[in-house]
K.L.:
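Structure provided below as structure tokens; questions to follow.
Here the structure is a predicted model, which means the values were calculated and not measured. Positions are given from 1, in the same order as the sequence printed here.
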Amino acid sequence: MSPPKNQLHGLYDAIALLDADGKTVLAGELWRNQPVLILCLRRLGCILCRAEAKKLYASKPAFDELGIRLVTVVHQMPKLELEAFKPAYWDGEVYLDSSKELFVLAGGGQLRKGSQLTFFNPFSSVWKTAIAAKNTVDDFNFKGVGSIMGGIIVMQAGSGGVEDIFPEKNFGQFASNEEIIASCKSAARQQQKGSKHRLKTTVTASAQ
């Protein structure tokens, strides 16, 4: 799901996040110097969320090669839940977005909520996802609010704005790694173009 380029530039830079140590970080700092992939998760203890985080982080070498920063954002971050989540399922940055504004962005402009009735349908695709998750997740719990849907946001570096938005389609059903990496490649190309333009401008100014 792709919004027009730069349409949302600047709207999310001032969101106040908290890192794992309780320090305030403005969201814009995450993408100030490089493109960033933001994984918005419903709950740190959720089996589906843990499975997605582990799968995505396993591709970190590919993201590193592209110069993509990886972060996870949650809207609830109990200390014990964080300790169980990191580094077992995600050995990277985790931030708390209590305002849920990044979740609104991940939802394509709305705070999406899933229906718990989905789990009462034995034919729901969510059950297939959950069964697969058990192969990679050793433990999980049901603590906290699990109805607020997450997703993945790819932000271009600096003032580039949003590259792509991939809402969580259903509980635990995220975009494929192939789709995400393709989006990150595009964001990386935009950064390279910007770097070349700045270099050309600097050289031209120096020659005058």
Side-chain angles (χ1 to χ4, degrees), residues 1-41 53 56-57 59-75 77 90 92-112 148-168 174-208:
M1 180 177 181
S2 303
K5 301 300 181 184
N6 299 318
Q7 181 186 32
L8 302 176
H9 164 50
L11 293 180
Y12 295 89
D13 288 20
I15 296 174
L17 308 173
L18 292 180
D19 66 13
D21 296 319
K23 179 183 176 182
T24 299
V25 177
L26 296 182
E29 295 297 320
L30 301 181
W31 53 80
R32 176 186 292 264
N33 299 315
Q34 67 185 114
V36 62
L37 183 157
I38 304 171
L39 172 63
C40 297
L41 292 181
L56 197 60
Y57 202 80
S59 296
K60 187 176 184 298
F63 294 114
D64 286 345
E65 186 175 346
L66 293 171
I68 305 295
R69 183 175 182 175
L70 295 181
V71 306
T72 285
V73 169
V74 293
H75 60 86
M77 194 164 65
W90 180 271
E93 302 170 68
V94 181
Y95 296 92
L96 173 66
D97 175 19
S98 57
S99 70
K100 304 181 184 67
E101 291 186 68
L102 288 176
F103 284 82
V104 171
L105 175 57
Q110 60 180 325
L111 190 65
R112 298 172 58 249
I148 296 175
M149 304 299 276
I152 291 171
I153 305 164
V154 178
M155 296 290 292
Q156 295 181 12
S159 60
V162 179
E163 176 66 37
D164 273 309
I165 297 170
F166 302 97
E168 185 178 11
F174 293 81
S176 68
N177 275 20
E178 290 74 19
E179 290 178 279
I180 297 166
I181 289 176
S183 175
C184 288
K185 285 181 178 179
S186 178
R189 286 195 295 270
Q190 292 301 319
Q191 184 182 28
Q192 290 173 353
K193 288 180 181 178
S195 297
K196 290 180 180 178
H197 175 73
R198 287 191 295 273
L199 177 60
K200 182 178 179 180
T201 301
T202 300
V203 171
T204 301
S206 299
Q208 293 177 349

K.L.:
Find the distance between CE (Met77) and OG1 (Thr72) and round it off to the nearest 0.5 Å.
P.N.:
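So the CE of Met77 and the OG1 of Thr72 are separated by 11.0 Å.
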K.L.:
Do the non-hydrogen side-chain atoms of Trp90 and Leu70 ever get within less than 4.5 Å of each other?
P.N.:
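Yes. Closest side-chain heavy atoms under 4.5 Å.
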K.L.:
Using only atom types and a distance under 3.5 Å, with no angle test, would you say the side chain of Glu168 pairs donor to acceptor with the backbone of Met149?
P.N.:
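No.
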K.L.:
Quick one: do Ile153 and Cys40 satisfy side-chain contact (heavy atoms from CB on, under 4.5 Å)? Show the steps, please.
P.N.:
CA-CA 8 Å; Ile153 305 164; Cys40 297; 4.1 Å; yes
K.L.:
Is it the case that the side chain of Asn177 and the backbone of Ile181 share a donor-acceptor pair, with hydrogens and angles ignored and the cut-off at 3.5 Å?
P.N.:
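No, because the side chain of Asn177 does not come within donor-acceptor range (under 3.5 Å) of the backbone of Ile181.
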K.L.:
For the residue pair Glu163 / Ser183, report whether a side-chain donor-acceptor contact shorter than 3.5 Å exists.
P.N.:
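There is no such pair between these side chains.
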K.L.:
Restricting to non-hydrogen atoms, name the atom on Gly67 and the atom on Pro35 that form the minimum distance, rounded to 0.1 Å.
P.N.:
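Result for this residue pair: O-CD, 3.6 Å.
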K.L.:
For the OG atom of Ser59 and the CG atom of Leu66, what is their distance to the nearest 0.5 Å?
P.N.:
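CG of Leu66 is found 11.0 Å from OG of Ser59.
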K.L.:
Which heavy atom of Ala175 sits nearest a heavy atom of Phe166, and at what distance?
P.N.:
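So the minimum-distance heavy-atom pair works out to CB-CD2, 3.6 Å.
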K.L.:
What's the spacing between Ile152 CD1 and Ile165 CD1 if we round to 0.5 Å?
P.N.:
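That separation rounds to 12.0 Å.
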K.L.:
Enter the distance from Asp97:CG to Leu105:CG here, rounded to the nearest 0.5 Å.
P.N.:
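The CG atom of Leu105 is 10.0 Å from CG of Asp97, to the nearest 0.5 Å.
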K.L.:
Using side-chain heavy atoms (C-beta onward) and a distance below 4.5 Å, is Ile15 in contact with Leu26?
P.N.:
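SC-SC contact between Ile15 and Leu26 ruled out.
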K.L.:
Could you pull out the closest heavy-atom pair between Arg69 and Tyr95, with the gap in Å?
P.N.:
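In terms of heavy atoms, the two residues are closest at NH2-OH, 3.6 Å.
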K.L.:
To the nearest 0.5 Å, what is the distance between CD (Glu101) and NE2 (His75)?
P.N.:
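Taking CD in Glu101 and NE2 in His75, the distance rounds to 14.0 Å.
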K.L.:
Would the distance check show the side chain of Glu179 and the main-chain N or O of Ser176 forming a donor-acceptor pair, the cut-off being under 3.5 Å?
P.N.:
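Here the side-chain-to-backbone pair exists.
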K.L.:
Do Asp64 and Lys60 sit within salt-bridge range, that is, some charged N less than 4.0 Å from a carboxylate O?
P.N.:
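The answer is yes: the pair qualifies as a salt bridge.
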K.L.:
So, for Lys100 and Ile148, which heavy atoms are closest and what is the spacing to 0.1 Å?
P.N.:
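In terms of heavy atoms, the two residues are closest at CE-CD1, 3.4 Å.
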K.L.:
For Lys23, is there any backbone N or O sitting under 3.5 Å from a side-chain donor or acceptor partner on Asp21?
P.N.:
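A pair under 3.5 Å: no.
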K.L.:
Would you call Met155 and Val162 a side-chain contact if the rule is heavy atoms closer than 4.5 Å?
P.N.:
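Met155 reaches Val162 side chain to side chain.
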K.L.:
Apply side-chain contact (heavy atoms from CB on, under 4.5 Å) to the pair Phe174 and Leu39, showing each step before the final yes or no.
P.N.:
CA-CA 10 Å; Phe174 293 81; Leu39 172 63; 4.0 Å; yes
K.L.:
Taking all heavy atoms of Gly150 and all of Arg112, pick out the closest pair and write down the distance.
P.N.:
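Heavy atoms of Gly150 and Arg112 come nearest at O-NH1, 4.5 Å.
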K.L.:
If you count heavy atoms of other groups shown closer than 6.0 angstrom to CD of Glu65, is the number above 12?
P.N.:
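Not more than 12 within 6.0 Å, no.
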K.L.:
So does Ala157 get a backbone contact from the side chain of Gln190, meaning a donor-acceptor N/O pair under 3.5 Å?
P.N.:
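No: the side chain of Gln190 does not pair with the backbone of Ala157.
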K.L.:
Roughly how far, to the nearest 0.5 Å, is the CG atom of Asp13 from the CD atom of Glu29?
P.N.:
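CG of Asp13 is found 9.0 Å from CD of Glu29.
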K.L.:
Trp31 vs Val154, test: side-chain contact (heavy atoms from CB on, under 4.5 Å). Steps then yes/no.
P.N.:
CA-CA 10 Å; Trp31 53 80; Val154 178; over 6 Å; no
K.L.:
For Lys185, does the NZ atom have more than 12 heavy-atom neighbours from other residues, nucleotides or ligands under 6.0 Å away?
P.N.:
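Check fails, neighbour count at 12 or below.
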